[in-house]
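Input: a single structure, listed below in structure tokens.
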2 protein chains.
Amino acid sequence: MDELGERLRAHGMRLTAQRERVLRALGRLGHATPEQVIDGLPADGGPALPPSTVYRCLEALQESGLVTHTHLDHRAPSYQLATHDDHIHLVCRACGSVSQVPLALAGPFARSLAEATGFAADVTHMAVHGRCASCTP
Amino acid sequence: MDELGERLRAHGMRLTAQRERVLRALGRLGHATPEQVIDGLPADGGPALPPSTVYRCLEALQESGLVTHTHLDHRAPSYQLATHDDHIHLVCRACGSVSQVPLALAGPFARSLAEATGFAADVTHMAVHGRCASCTP
DNA sequence: TTGAATGCAAAAAATTTGCATATTG
DNA sequence: CAATATGCAAATTTTTTGCATTCAA
């Protein structure tokens, strides 16, 4: 259960209360931009964290592999728990909703990329924009 | 040839020298963030444009369908000519190179998304991150 | 002529940095 | 105890806004 600490220490980092809180916030939010994390943090009853700490936490967590990010938003990256990283994000351009489909759906695509060009795709990191079913005319 | 003007006017917009220059800059650059456009513009011999103009030009061009954007960068969007929009971008995490593969490669993937969830994917907008062949160990 | 677009300057957002202090291992 | 993180304030960087002026149609 203390895999968190392990993971961080393996990268010469330390487990701090703030990093745990950021992690939990991501758990609650699913995926969130740095701003959304900053705003969403106090929901756990704790005090707000300064932006610099949140930015640094996210970077540290990502570096140690506990967190990943995608680009749901057109600007800021959206972070999520690495453990939630088993699906692909579909972002609807019309209603803004973000849905998810199993990673497996992209398997053949990733394979054809590898065959065609030797590129090893991280399909997890990929956000697919378009129109969701309910927004399709 | 004056399809540019047409396109813009169809959206109640006008064809200006600045918009043409931004368009040409994108032609030269392939794909570029707003900052890169700002920096790259004077290469045509003309004067620099203020950031506000560049941002507004990009938005207008995008709205009229002449330009699209993807997320090659982890922050700012990268704009490109809509006419160059016939391929998928592969971004190498290691060396930063951006390569392109034919849209067709994503056809089956898009179809399976549509079947599975009714989501109409704009594969064009999609940037795939990972490791290119020369950076794969 | 007239509404749309530009240029400039200033404001607002978003992200990063420096450094003294607090904390983890 | 030593090294890493935090908190805070300030500096950057990026993007947006207001408005008088210019320009396309």
Side-chain angles (χ1 to χ4, degrees), chain A residues 1-25 31-42 44 46-67 69 71-79, chain B residues 1-25 31-42 44 46-67 69 71-79:
Chain A
M1 256 315 68
D2 190 28
E3 204 205 309
L4 290 194
E6 300 280 299
R7 227 27 182 321
L8 287 163
R9 267 171 254 124
H11 291 257
M13 299 173 176
R14 295 173 180 181
L15 179 55
T16 65
Q18 291 85 341
R19 288 174 179 175
E20 287 190 295
R21 288 186 65 209
V22 167
L23 228 25
R24 267 184 278 120
H31 41 70
T33 62
E35 303 247 359
Q36 294 172 323
V37 173
I38 292 170
D39 294 346
L41 258 167
D44 66 3
L49 292 186
S52 53
T53 296
V54 173
Y55 279 97
R56 291 190 278 221
C57 283
L58 287 171
E59 194 182 313
L61 293 170
Q62 177 170 249
E63 211 165 320
S64 59
L66 292 165
V67 157
H69 81 262
H71 295 278
L72 309 180
D73 189 79
H74 281 267
R75 284 284 174 50
S78 293
Y79 293 85
Chain B
M1 257 315 65
D2 190 30
E3 206 205 308
L4 290 193
E6 300 281 298
R7 221 38 179 313
L8 286 162
R9 267 172 254 123
H11 292 257
M13 300 172 176
R14 296 172 180 183
L15 179 54
T16 66
Q18 291 85 341
R19 288 174 180 177
E20 287 190 295
R21 288 185 67 209
V22 167
L23 228 25
R24 268 185 276 122
H31 42 69
T33 63
E35 303 247 359
Q36 293 172 322
V37 173
I38 292 170
D39 294 346
L41 258 168
D44 67 2
L49 292 185
S52 53
T53 297
V54 173
Y55 278 98
R56 291 189 278 222
C57 281
L58 287 171
E59 194 183 313
L61 293 170
Q62 177 168 250
E63 211 165 320
S64 58
L66 292 165
V67 157
H69 80 263
H71 295 278
L72 310 180
D73 190 80
H74 281 270
R75 284 283 177 49
S78 292
Y79 293 84

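We name chains A, B, ... by the order of the sequence lines, and we start the count at 1 in each one.
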>> So for B:R19 and C:dA5, does any side-chain atom that can act as donor or acceptor lie under 3.5 Å from a complementary atom in the base?
In response: no
> How long is the line joining CD of A:Q18 and C1' of C:dT24, in whole Å?
Replying inline: 11 Å
> Is the distance from OP1 or OP2 of C:dT6 to the nearest side-chain N or O of B:T16 less than 4.0 Å?
Replying inline: yes
> With a 4.0 Å cut-off on heavy atoms, is B:R75 in touch with a base, just the backbone sugar-phosphate, or nothing at all?
Replying inline: sugar-phosphate
> Has the side chain of B:R19 got a donor or acceptor atom that lies under 3.5 Å from a matching backbone atom of B:R14?
Replying inline: yes
>> In this structure, is the centre-to-centre distance between the rings of A:H69 and A:H31 below 6.0 Å?
In response: no
> Okay, side chain of B:E59, backbone of B:R56: is any donor-acceptor separation there less than 3.5 Å?
Replying inline: no
> Within this structure, what is the OH-to-C1' distance between B:Y55 and C:dG7, rounded to whole angstrom?
Replying inline: 16 Å
> Separation of B:E59 atom CD from D:dT16 atom P, in whole Å?
Replying inline: 7 Å
> Is the side chain of B:R9 donor-acceptor paired with the backbone N or O of B:L15 at a distance under 3.5 Å, no angle test?
Replying inline: no
> Rounded to whole angstroms, how far apart are CG on B:D73 and C1' on D:dT14?
Replying inline: 12 Å
> With a 4.5 Å limit on heavy-atom distance, are the side chains of B:V22 and B:L41 in contact?
Replying inline: yes
>> If you compare every side-chain N and O of B:T53 against the phosphate oxygens of C:dG7 (OP1, OP2), does one of them come in below 4.0 Å?
In response: yes
>> Quick check: on DNA chain C, is the nucleotide nearest B:S52 upstream (toward 5') of the one nearest B:L15, or the reverse? Name the residue that is more 5'.
In response: B:L15
>> Closest-nucleotide mapping onto DNA chain D: is A:A60 or B:R14 further toward the 5' terminus? I mean the 5' end.
In response: A:A60
> Side chain of A:R9, base of C:dG25: donor and acceptor closer than 3.5 Å?
Replying inline: no
>> Whole angstroms only, please: what is the CG-P distance between B:L8 and D:dA24?
In response: 13 Å
>> How many whole angstroms separate atom CD1 of A:I38 from atom C1' of C:dA13?
In response: 11 Å
> How close or far is atom P of D:dT14 from atom CD of B:Q36, stated in whole angstroms?
Replying inline: 11 Å
> To the nearest angstrom, how far is A:E35 atom CD from D:dT14 atom C1'?
Replying inline: 12 Å
